[in-house]
Amino acid sequence: MNNYIKDLSDFLFDFTDFLEDKKYISPINKKQISIDYSSNKKKGDLATNFYLIIKRKVINENFNIEKEINDRIKLIEFIDHFSISKNGFINFFLKDEFIFKSLKEIYNKNFLNNINYGEDKKINVEFISANPTGPLHIAHIRGAVFGDVLSSLYVKTGFKVTREYYVNDAGSQIDKLSHSLLKRYLQLFDKKIELEEDEYPGEYIIDIAKKIKNEDGDKWLNFNREETIQYFKNFALKNILLSIKSDLELLNIKFDKFTHETEIEKSKIIDELFTILDNKSLLYNGILEKPKGDDSDWEPREQLLFRSSSLLDNEDRALKKSNGEWTYFANDAAYHLDKCKRNFDGLVNVWGSDHIGYIPRMNSLIRAIKDDENYLKILTCQIVRLIQNKQKIKMSKRSGNFVTLANVYSKVGKDPIRYYMISTKNETAIDFDLDVVVEKNKDNKVFYCQYAYARASSVINKTNELGIKIKNNSNLLAKNNLSVEEIKLIKKLISYPYLLYQSSFFNEPHRLINYLEEISSDFHSIWNKGKDNISFRFIDEKNIENTISKLFWLESFRVVLKDIFSIIDIDAPESM
RNA sequence: GCGCCCGUAGCUCAGUGGAUAGAGCAACCGCCUUCUAAGCGGUAGGUCAAAUGUUCGAAUCAUUUCGGGCGCGCCA
């Protein structure tokens with residue numbers, strides 16, 4: 001990967017190896033060595049604590065560490081000079097020619113070719129995987145957007161990504177769904193029959209029932225019960241899955257693969273899983289301990305268990321229910337074996353925070369079948385609280401009163417949803433204010449950043465009208481045509497490839513948002529300086545050289561903005 | 001009872017071993033003859049929940065306490 005921070009880091013690591021090999025210093029932990037962008041008030045572009053750490057480890061009294069540092073840093077091609085602060089930080093200054101060379105790579109979009117952190121490795125990202133028992137609602141939106149953007153980020157940094165949705169179309173919840181649907185159908189014929197408390201009360205089920213009535217009339221009133229239930233189950237699943245897919249289209253989320261739990265059941269891969277576990281003595285029949293909390297209807301029963309406590313979990317987990325059916329975990333485990341067998345180099349699962357307790361058993365499972373502790377990464381998203389009129393919107397799953405994705409979409413549209421769902425670190429809860437995100441002012445960050453793009457574009461349009469060409473004129477790019485503020489922004493622009501790498505490495509798309517807002521703000525600031533000071537205006541027809549220098553970074557700014565917008569998947573409006 | 005996440009400005013959040021802790025909103029004071037004022041500049045705002053420890057250095061790591069959230073059955 002072509003970026004100077006990585007190069008500098010390699011340089012410092014090699015340097016450390018050299019010092020250790022020659023016994024000039026006692027061994028150190030390289031992880032302590034950091035490279036940062038210098039804070040604004042300090043002089044310099046990059047800073048490292050290298051000297052701070054090394055100087056305390058010198059064991060050879062004849063060794064002159066300062067001289068060695070001096071001699072070596074001189075050889076780094078992109079460093080102009082450096083200084084060592086009183087407290088021991090080394091501050092580096094980049095060469096102008098290097099800064100402009102890097103800017104040209106941004107301008108020409110070459111940096112995209114240089115990012116191959118992923119080395120074309122194949123990874124599978126499983127996200128949402130909501131039960132097909134109802135439409136997607138607010139709790140699913142965050143995981144949906146996070147998984148989608150994370151996938152795009154992986155692709156951008158050189159991975160081959162499969163986006164996958166696991167459809168839990170087996171199990172007792174689906175049975176409850178079918179019974180709920182049947183009851184709603186019967187109610188349409190004035191049958192006196194009520195839903196049980198744990199069945200699904202949502203309006204959407206009545207709609208599906210009406211659909212059946214429209215198609216088949218009263219055909220199912222006196223039909224064989226088993227066949228009826230089977231028909232209603234399939235009908236419900238088909239319709240709900242379709243509605244989930246159409247909801248996802250609203251956010252432009254597309255999956256490469258839907259895997260159904262029922263397919264997993266049919267495939268018998270679970271037998272294969274059990275063989276693997278059995279060979280490692282991880283299967284046994286036993287009785288689980290009495291659970292904590294509400295245990296009113298608990299009684300001890302012997303069942304098939306997974307010895308996960310010998311791996312990463314704190315207790316063993318059931319694979320088979322007492323009625324002989326597989327547990328949810330058993331099928332999910334088989335599904336994960338299936339994923340493992342599909343030649344991915346890594347698996348990523350995005351789960352809601354309500355599944356955090358499930359993580360240790362899944363990690364145990366993967367550990368049992370794959371000898372690679374980094375093979376599966378489980379990332380979790382905390383909840384989203386909806387705010388309207390400064391009040392939290394209360395939701396109740398039991399009453400079926402939840403805010404659907406389609407509902408939120410109709411209020412605010414795609415871009416604010418996508419933007420805000422990843423603007424906060426995934427492990428932090430979000431307050432999503434429906435009133436703020438549709439405002440067209442700087443309270444609304446999406447708008448603010450898109451407006452920066454539109455403003456920059458308006459300048460480019462103006463230059464087109466005036467016939468000013470940037471192409472083939474890049475040799476005119478020169479530092480003395482640019483202000484301190486512009487150089488500062490240019491330095492941020494050339495750090496973009498490293499930002500992509502870090503965001504991908506840490507699985508943190510929200511870093512993109514922080515950066516995006518920062519450079520947008522810098523841009524708006526420079527723009528406004530042009531009102532007081534004519535030298536800050538982008539276009540000066542009397543000074544083409546000056547104009548070209550400005551347009552050059554302005555275009556690069558647009559490249560970066562557009563690139564981030566494409567990862568988040570929001571519009572890049574040329575005018576607003 | 002146990003596990004995980006969170007606690008940073010009045011509010012919403014960045015920063016997770018480095019230099020004087022940062023943005024935006026809200027508050028107050030300013031800036032449109034101009035390539036988009038849907039914007040910008042300035043002022044003010046902090047015992048980083050608390051305590052102890054580790055370290056040359058802690059918002060960041062460890063331990064404890066207090067607050068908030070999410071979980072913890074053969075559910076999914």
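Here is how names work: the chains are called A, B, and so on, in the same order as the sequence lines, proteins then strands, and each is numbered from 1.
- C13(B) shows a glycosidic angle more than 90° from 0 and is accordingly assigned anti.
- Ring stacking holds between Phe89(A) and A19(B), with the centres under 5.5 Å apart and the planes within 30 degrees of each other.
- Base orientation of G41(B): anti, the glycosidic angle falling outside 90° of 0.
- Taking only side-chain nitrogens and oxygens, Tyr448(A) comes nearer than 4.0 Å to OP1 or OP2 of C40(B).
- Across all strands shown, U54(B) forms no Watson-Crick or G-U wobble pair with both distances under 3.5 Å.
- Summarising the base pairing, C28(B) is matched to G42(B) through a Watson-Crick or G-U wobble pair whose two defining distances lie under 3.5 Å.
- In terms of phosphate contacts, Ser525(A) brings a side-chain nitrogen or oxygen within less than 4.0 Å of OP1 or OP2 of G41(B).
- Ion pair Glu555(A)/Arg558(A) flagged as a salt bridge, since at least one NZ, NE, NH1 or NH2 atom sits closer than 4.0 Å to an Asp/Glu carboxylate oxygen.
- Judged by distance alone, with hydrogens and angles left aside, Asn49(A) brings no side-chain donor or acceptor close enough to the base of A19(B) to form a pair under 3.5 Å.
- In this model, the phosphate group of A76(B) is approached by a side-chain N or O of Ser172(A) to a distance below 4.0 Å at OP1 or OP2.
- Nucleotides G30(B) and G69(B) place their P atoms 44 Å apart, quoted to the nearest Å.
- For Lys321(A) and Trp326(A), the positive end is not near the middle of the six-membered ring at less than 6.0 Å and at most 45° from its axis.
- Under the 30°/60° scheme for interplanar angles, the aromatic rings of His524(A) and Tyr448(A) are found to be tilted.
- Between the side chain of Asn314(A) and the base of G3(B), no donor-acceptor pair under 3.5 Å is found.
- Residue His510(A) has a polar side-chain atom (N or O) positioned under 4.0 Å from OP1 or OP2 of G15(B).
- Look at the P atom in both U8(B) and A27(B): the space between them is 22 Å, to the nearest Å.
- Rounding to whole angstrom units, CG of residue Asn29(A) and P of C61(B) are separated by 16 Å.
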